[in-house]
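Data block below; observations after.
Everything numeric here is computed off the predicted structure, so don't read it as measured data. What's counted below: heavy atoms across the whole structure, side chains too, no hydrogens, waters or symmetry copies.
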Amino acid sequence: MCSSDLVGGPPSDARRLFDGKSLDQWQGGEKWEIRDGHAIARETGITTKDSFGDCQLHLEWASPDKVEGDGQGRGNSGVYLMGRYEVQILDSFKNTTYFDGQAGSLYKQTPPMVNACRKPGEWQSYDILFTAPRMDPQGKVTTPAFVTVLHNGVVVQNHFELKGGTFYERPPAYDNPHPATGPIHIQFHGNPVKFRNIWIREMKPAPVTK
Ligand code: MG
């Protein structure tokens with residue numbers, strides 16, 4: 001079933017967002033360098049042209065093997081659900097930063113339960129289960145968003161209830177109105193973080209037969 005040495009070869013019903021060859025499904029993808037089956041962050045963040053709600057998202061990333069900077073300046077990127085909710089990507093291997101800014105944190109809301117980071121330059125996986133928030137017609141949140149994250153197969157977030165968008169300069173808050181779906185965004189934070197094998201499955205309730 002798995003096509004790589006990491007957890008998470010694409011299952012048969014997954015939609016591949018990056019197969020190692022093309023970032024055509026991403027706005028800004030033309031700015032990134034594609035080499036040897038992976039993409040390297042350059043110049044700008046990239047954003048899927050399509051939108052998603054409840055989903056399972058898999059991606060693999062590697063922080064630069066040449067270690068430069070420290071804290072939030074080392075191997076920083078991030079993957080955003082619905083363009084709003086950031087699962088932090090950072091080289092957190094022997095790199096101290098604020099607790100809710102580490103790799104696997106939900107940025108500025110909660111740290112990872114454990115630090116599962118591999119060494120700089122080594123491939124790592126994120127498997128993210130995301131439940132989009134629901135709102136009533138007036139825009140009031142009826143069910144918040146929830147996120148589960150496995151980092152290299154280790155649960156680092158377990159059905160965490162998001163308090164809203166993940167901002168660096170202000171407390172989390174939900175947008176009002178809030179769309180039902182949104183794009184996946186990968187951050188460019190000045191560091192040449194690598195990515196490969198990105199796929200998504202839209203989650204729908206199982207059909208019930210009686
Ligand atoms: Mg980030």
Side-chain angles (χ1 to χ4, degrees), residues 17-18 20 23 25-36 38-49 52 57-112 115-128 130 145 147 149-152 156-157 160 162-173 175 182-198 200:
L17 295 175
F18 177 56
L23 284 168
Q25 297 182 70
W26 302 75
Q27 287 174 355
E30 70 282 359
K31 303 280 191 188
W32 285 26
E33 181 182 343
I34 297 175
R35 184 204 296 172
D36 301 330
H38 62 261
I40 306 170
R42 306 267 191 234
E43 277 189 63
T44 182
I46 60 172
T47 307
T48 55
K49 294 172 182 172
F52 307 92
L57 177 68
H58 173 92
L59 61 85
E60 295 167 21
W61 58 274
S63 56
D65 46 13
K66 183 179 173 203
V67 174
E68 292 181 319
D70 57 16
Q72 293 289 302
R74 181 185 298 180
N76 194 335
S77 179
V79 56
Y80 289 70
L81 290 310
M82 298 186 76
R84 290 167 171 77
Y85 310 109
E86 181 183 9
V87 180
Q88 173 70 310
I89 289 173
L90 192 77
D91 175 7
S92 286
F93 188 84
K94 298 183 179 175
N95 178 30
T96 303
T97 189
Y98 45 88
F99 73 108
D100 51 5
Q102 304 172 65
S105 64
L106 294 165
Y107 188 68
K108 289 286 188 86
Q109 294 196 26
T110 185
N115 182 345
C117 229
R118 292 181 179 160
K119 291 178 184 169
E122 292 188 10
W123 284 104
Q124 319 202 31
S125 64
Y126 273 177
D127 289 279
I128 300 169
F130 176 70
V147 188
V149 181
L150 283 76
H151 183 182
N152 299 322
V156 295
Q157 304 291 348
F160 178 77
L162 278 165
K163 299 173 183 73
T166 54
F167 308 110
Y168 73 94
E169 82 292 21
R170 59 188 168 101
D175 290 335
I184 306 297
H185 175 81
I186 301 179
Q187 184 185 50
F188 176 66
H189 202 282
N191 305 133
V193 177
K194 297 176 189 170
F195 292 88
R196 71 179 187 188
N197 192 21
I198 306 174
I200 194 165

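Summarising the local packing, NZ of K49 is surrounded by more than 12 heavy atoms from other residues, nucleotides or ligands at distances under 6.0 Å. Applying the 6.0 Å contact sphere to NZ of K31 captures no more than 12 heavy atoms from other residues, nucleotides or ligands.
In this structure, W61 CH2 and I186 CD1 are separated by 12.0 Å, a value rounded to the nearest 0.5 Å. Here CZ of F167 is found 8.5 Å from CZ of R84. Values are rounded to the nearest 0.5 Å.
At a threshold of 4.5 Å between non-hydrogen side-chain atoms, the residues F52 and F130 do not count as touching. Considering only heavy atoms from C-beta on, K194 comes within 4.5 Å of W123 through its side chain. Counting heavy atoms from C-beta outward, L90 and R74 have side chains that stay 4.5 Å or more apart.
Residue W32 forms a ring-ring contact (aromatic ring centres under 6.0 Å, His included) with just one option from F195, F18, F188, and that option is F195. A side-chain hydrogen bond (donor to acceptor under 3.5 Å, both in side chains) with Q88 is found for one member of K108, H189, Q72 and no other, namely Q72. Each of T166, V149, V156 was evaluated against V87; a single residue qualifies, V149, per the side-chain contact (heavy atoms from CB on, under 4.5 Å) test.
H58 and Y126 have their aromatic ring centers separated by at least 6.0 angstrom.
Across G20 and I34, no two heavy atoms sit closer than the pair O-CG2, 3.5 Å. Here the closest heavy-atom approach between residue S92 and residue N115 is recorded as O-ND2, 3.0 Å. Counting all heavy atoms, side chain and backbone alike, P120 lies closest to S63 at CA-OG, 3.5 Å.
Proximity of a side-chain donor or acceptor of Q109 to a complementary backbone N or O of K163 within less than 3.5 Å is detected.
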